[in-house]
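Sequence lines set the chain letters: A, B, ... in the order given, protein chains first and strands last, and positions in each chain run from 1.
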Protein chains: 2
Amino acid sequence: MKTVHEKNAQVFKALCDENRLRVLELLRQGEKCACELLESLDIGQSALSYHMKILTGSGIVESRQEGKWMHYSINQEGSRYAALLLKEITTTEGGKRTGSCCK
Amino acid sequence: MKTVHEKNAQVFKALCDENRLRVLELLRQGEKCACELLESLDIGQSALSYHMKILTGSGIVESRQEGKWMHYSINQEGSRYAALLLKEITTTEGGKRTGSCCK
DNA sequence: CATATATATCGAAAAAAGTTGATATGAGGT
DNA sequence: ACCTCATATCAACTTTTTTCGATATATATG
């Protein structure tokens, strides 16, 4: 059983790693196959596979298999969800203002 | 010298940890002093200090000292920046579409 | 069916992040 | 100045994440 915070953290974990951000930057240009990502990225094949699993698991990236090639692209719905979540967790609730505290 | 991706990852790293998301949830209700966070959070004092440093470092949270107490709150500008960044890194660039690849 | 190629998965090693307890710093009060 | 309390920092340890090399799986091709 995962807490809400654990689940939310999973979405943002996709964006915590330098290499995954590089992948996203490449995918902004449109769908790319794994081999293309691999040669732009200076990491090994198994590491790329690992990162792509995290990215697709977060919903921000989607994958499509074509023969023996995997094609990756940014999933707009997943991205919208992440953006929504970010908005939500950083928006102060109206009304409630707790000034009192210690002392 | 940090790469752009490293700097961007730093913003999202603030959101990767369950405890930091819990802190944000508490701060949504308004400014809170460290002692309040501490008693809601089931982590030690030094761990809280560690997390707050990461949160403030990302720009999403700001701090205010009052005597010996630290007060934390969500920084709207930092949050807007994070939201903007997220939008940016997940928005596909118009025009460019690279279909060709391997085979 | 054998071979070649692309990607996924596994276990171990390396690196990074988080926690803990002890101590340091710094502000207030006596 | 001394003591107390709140927070920060440090070093050691634990846990999690990332990487690597080897191997497995799956698809296409001769």
Output the rounded distance in Å from [atom1] ([X]) to [atom2] ([N]).
X: A:Lys68; N: C:dT5; atom1: NZ; atom2: P; answer: 7 Å
X: B:Leu48; N: D:dT7; atom1: CG; atom2: P; answer: 8 Å
X: A:Trp69; N: D:dT27; atom1: CH2; atom2: C1'; answer: 9 Å
X: B:Phe12; N: C:dA16; atom1: CZ; atom2: P; answer: 21 Å
X: A:Ile43; N: D:dG21; atom1: CD1; atom2: C1'; answer: 15 Å
X: B:His51; N: D:dA8; atom1: NE2; atom2: C1'; answer: 15 Å
X: A:Leu41; N: D:dC20; atom1: CG; atom2: C1'; answer: 16 Å
X: B:Glu66; N: C:dA27; atom1: CD; atom2: C1'; answer: 12 Å

Residue met sooner reading DNA chain D from 5', once A:Ile54 and B:Ala34 are mapped to nucleotides: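 The 5'-side residue here is B:Ala34.
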Residue whose nearest DNA chain D nucleotide is more 5′ - B:Ala47 or A:Asp17: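 Closer to the 5' end of DNA chain D: B:Ala47.
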Candidate nucleotides [options], ranked by approach to the side chain of [X] - the nearest:
X: A:Tyr72; options: C:dA8, C:dT20, D:dT7; result: C:dA8
X: B:Ser49; options: D:dT27, D:dA8, C:dA8; result: D:dA8
X: A:Cys35; options: C:dT7, C:dG18, D:dT4; result: C:dT7
X: A:Asn19; options: C:dG18, D:dT19, C:dT19; result: D:dT19
X: B:Gln65; options: C:dA27, C:dT7, C:dT9; result: C:dA27
X: B:Lys13; options: D:dT9, D:dA6, C:dA17; result: C:dA17
X: B:Ser46; options: C:dA6, C:dT20, D:dG21; result: C:dT20

Would you kindly check whether a donor in the side chain of A:Gln45 faces an acceptor in the base of C:dA8, or vice versa, at under 3.5 angstrom?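 Answer is yes: a donor-acceptor pair is held.
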Is any side-chain N of the basic residue among A:Glu62 and A:Arg64 closer than 4.0 Å to the acidic one's carboxylate O?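 No salt bridge links A:Glu62 with A:Arg64.
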How about CD on A:Glu77, more than 12 heavy atoms from neighbouring residues, nucleotides or ligands closer than 6.0 Å, or not?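 Counting other residues, nucleotides and ligands, CD of A:Glu77 stays at 12 neighbours or fewer.
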Exam field: side chain A:Arg28 to backbone B:Glu93, donor-acceptor pair closer than 3.5 Å: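 Side chain of A:Arg28 to backbone of B:Glu93, a donor-acceptor pair under 3.5 Å: no, none is there.
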Hey, quick one: are B:Leu27 and B:Ile54 part of the same hydrophobic cluster, counting side-chain heavy atoms closer than 4.5 Å, chains of contacts allowed?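 No, B:Leu27 does not connect to B:Ile54 through the hydrophobic network.
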A:Cys33 vs A:Glu36, test: side-chain contact (heavy atoms from CB on, under 4.5 Å). Steps then yes/no. CA-CA 5 Å; A:Cys33 113; A:Glu36 287 177 283; 4.1 Å; yes
